[in-house]
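One structure is given below, encoded as structure tokens.
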Amino acid sequence: MSAAKYIFVTGGVTSSLGKGIISASLGMLLQARGFKVTIQKFDPYINIDPGTLNPYEHGECYVTNDGAETDLDLGHYERFLNVSTSQANNITTGRIYNNVITKERQGEYLGKTVQVIPHITDEIKRNIYLLGESGEYDFIITEIGGSVGDIESLPFIEAVRQVKWDLGANNALVIHLTLIPYLKAAKELKTKPTQHSVKELLSYGVQPDILVCRTEMPLPQDIRKKLALFCNVHLNSVIEAIDADTIYDVPILMRKERLDERVLSKLKLQSKSEPDLEHWKDFLGKLKNPIEEVTIGLVGKYVTLPDAYKSIVEAFVHAGARNDCRVNLKWISSEEINNETVSTIFKGLDGILVAPGFGERGMEGKIEAIRYIRENKIPFFGICLGMQCAVIEFARHVVGLADASSTELNPKTKHPVIDLMEAQKKITAKGGTMRLGAYACKLKKSSKAAQAYGEGSIHERHRHRYEFNNAYLERIEEAGLKAVGINPDSNLVEVVELKDHPWFIGVQYHPELRSTVMNPHPLFVGFVEASVKYKKSLTV
Ligand code: GLN
């Protein structure tokens with residue numbers, strides 16, 4: 001195919017309808033037909049990226065291989081498509097304005113008044129076309145964050161209008177995702193909010209080509225007809241998106257509704273083949289028919305908002321299915337854990353993951369949790385801050401450095417076993433300044449980590465400022481906590497493992513970011529397997 005086709009996904013009526021999942025599902029279906037697909041998201045807020053946002057604001061910050069701090073929807077794109085994204089896949093209003101203002105200062109618009117139209121919209125379009133120009137993709141799916149009608153998303157909608165006009169109906173289309181509420185009292189599905197939302201889109205000059213309708217109830221034919229009539233779409237372009245048991249059902253549901261076929265026919269494309277969904281269906285079969293069951297504790301700070309740990313939760317779904325095992329997650333606030341509460345809180349858990357995080361709040365609880373886990377030989381997985389806490393705990397209680405700490409927790413500690421990285425010491429700005437993105441790591445052959453990966457040379461993604469302080473390496477290793485993964489260029493410790501423990505692994509990087517349906521992350525797979533074994537060992 002010569003030029004890429006562009007698909008835009010807008011949202012109406014309310015937020016949180018799942019534009020990311022619909023985009024990822026459509027992308028996956030097109031990919032399953034042999035097309036090359038990428039998905040990009042535009043976020044209408046003014047931050048340059050979500051890296052400086054509290055997870056309570058916007059959920060997890062997803063990090064790409066090239067070190068971009070991005071929206072969590074990019075995680076869905078990677079999990080569904082099994083291909084990497086990059087900075088080009090997530091653009092905010094802040095980044096667009098920043099680019100335009102930088103160009104203005106450089107004199108690129110000399111003599112001109114710089115305006116939303118055409119300068120901001122041109123910069124948005126440049127970022128839309130950028131992915132297509134690489135020649136790598138047949139389809140660029142662009143998700144527009146927010147809902148139609150929000151002041152903030154207006155320039156993006158205007159750019160969509162222009163792209164449709166520039167490229168013509170055979171090369172660009174708009175899918176509008178809306179909600180069809182069910183009124184219990186009237187026992188009726190209501191189309192009016194969707195009609196209004198489409199009218200709003202029309203008022204900006206954009207006619208949606210396909211309507212995807214979120215609904216609790218199946219959409220009867222008369223409702224579909226009404227929507228088609230009032231919203232000027234073909235009847236077969238009214239697609240039902242009924243609530244699903246799991247997000248991983250959505251591609252199958254979209255296939256049943258023929259969303260992929262509608263897209264191809266509107267863009268005048270012949271499919272290379274019927275979609276090959278065998279692997280996906282195998283995964284769903286395993287996910288829905290588990291043989292084993294384990295309960296894993298997730299010790300973190302943002303436990304009231306599971307979106308803050310989105311990729312970890314999904315990595316457990318992938319790893320559970322691979323092990324034919326249902327993984328129940330029990331969310332535990334690290335602030336509730338202390339010497340007295342820990343044994344009660346951890347009762348009945350088959351494995352415990354200590355989550356990433358920032359700041360000293362809740363850190364002592366994580367350290368206490370790890371003491372209990374280590375002493376009771378419960379399978380343990382520590383990620384980023386979780387790994388750092390494991391090092392602190394071990395230094396304090398096994399090496400005998402009672403005051404050991406991280407300088408993030410206690411800047412005055414006599415024994416900074418976790419310390420700010422050298423490169424971080426001069427940095428004061430907060431945005432995009434951590435150690436970010438994929439770095440190489442060499443694993444010791446004999447380690448459990450190397451066994452799980454099945455190889456000794458790995459690349460994993462990072463997002464941190466502090467690190468294992470190599471001044472303590474010898475003492476810590478001698479006492480039994482081994483550094484089994486090292487960055488070959490900087491010598492930073494990336495993986496630690498405890499000797500004489502069934503499964504105790506801490507990683508400085510974020511393995512959860514690389515787990516996909518097709519490639520569950522080996523450490524999550526290994527951890528679930530160890531938890532199943534641990535559970536069985538208690539019952540025999
Ligand atoms: N706060 C720690 C650091 O900056 C850990 C970061 C994390 O868990 N992502 O190093």
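Values below: every heavy atom of this structure, side chains too, minus hydrogens, waters and symmetry copies. All ligand and atom numbering here is 1-based and tracks the order in the structure. The residues of the chain are indexed from 1 along the displayed sequence.
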Under 4.0 Å between a Lys/Arg side-chain N and an Asp/Glu carboxylate O for Lys377 and Asp500? no
Does the ring center of His318 lie less than 6.0 Å from the ring center of Tyr248? yes
Compute the shortest N/O to N/O distance between Gly357 and ligand 1 and return yes if it is under 3.5 Å, no if not. yes
Nearest to atom 2 (C) of ligand 1, what protein heavy atom do you find, and at what distance? Glu408 OE1, 3.3 Å
Could you check, using the six-membered ring where one of them is a Trp, whether Phe381 and Phe504 have ring centers closer than 6.0 angstrom? no
The atoms of ligand 1 lying under 4.0 Å from a heavy atom of Tyr466, numbered in the order shown, are 3 (C), 4 (O), 10 (O)
I'd like to know if Glu467 contacts ligand 1, where contact means a heavy-atom distance under 4.0 Å to any ligand atom. no
Atom indices of ligand 1 within 4.0 angstrom of His510 heavy atoms, with elements: 9 (N)
Tell me if the centroids of the rings in Tyr509 and Tyr439 come within less than 6.0 Å of each other. no
Taking the six-membered ring for Trp and the full ring for Phe, Tyr or His, determine whether the centres of Trp503 and Phe380 are under 6.0 Å apart. no
Could you tell me whether Arg463 approaches ligand 1 through its side chain, its backbone, both or neither, with non-hydrogen atoms closer than 4.0 Å? backbone
Nearest neighbour of atom 7 (C) of ligand 1 from the list Cys384, Gly300, Cys61, on a heavy-atom basis: Cys384
Min heavy-atom dist Met434 to ligand 1 below 4.0 Å: no
Any idea which protein heavy atom is nearest atom 4 (O) of ligand 1, and the distance to it? Arg465 N, 2.9 Å
Is any NZ, NE, NH1 or NH2 atom of the basic residue among Lys536 and Glu292 found under 4.0 Å from an Asp or Glu carboxylate oxygen of the other? yes
Any Lys/Arg nitrogen of Glu460 or Arg514 sitting under 4.0 Å from an Asp/Glu carboxylate oxygen of the other? yes
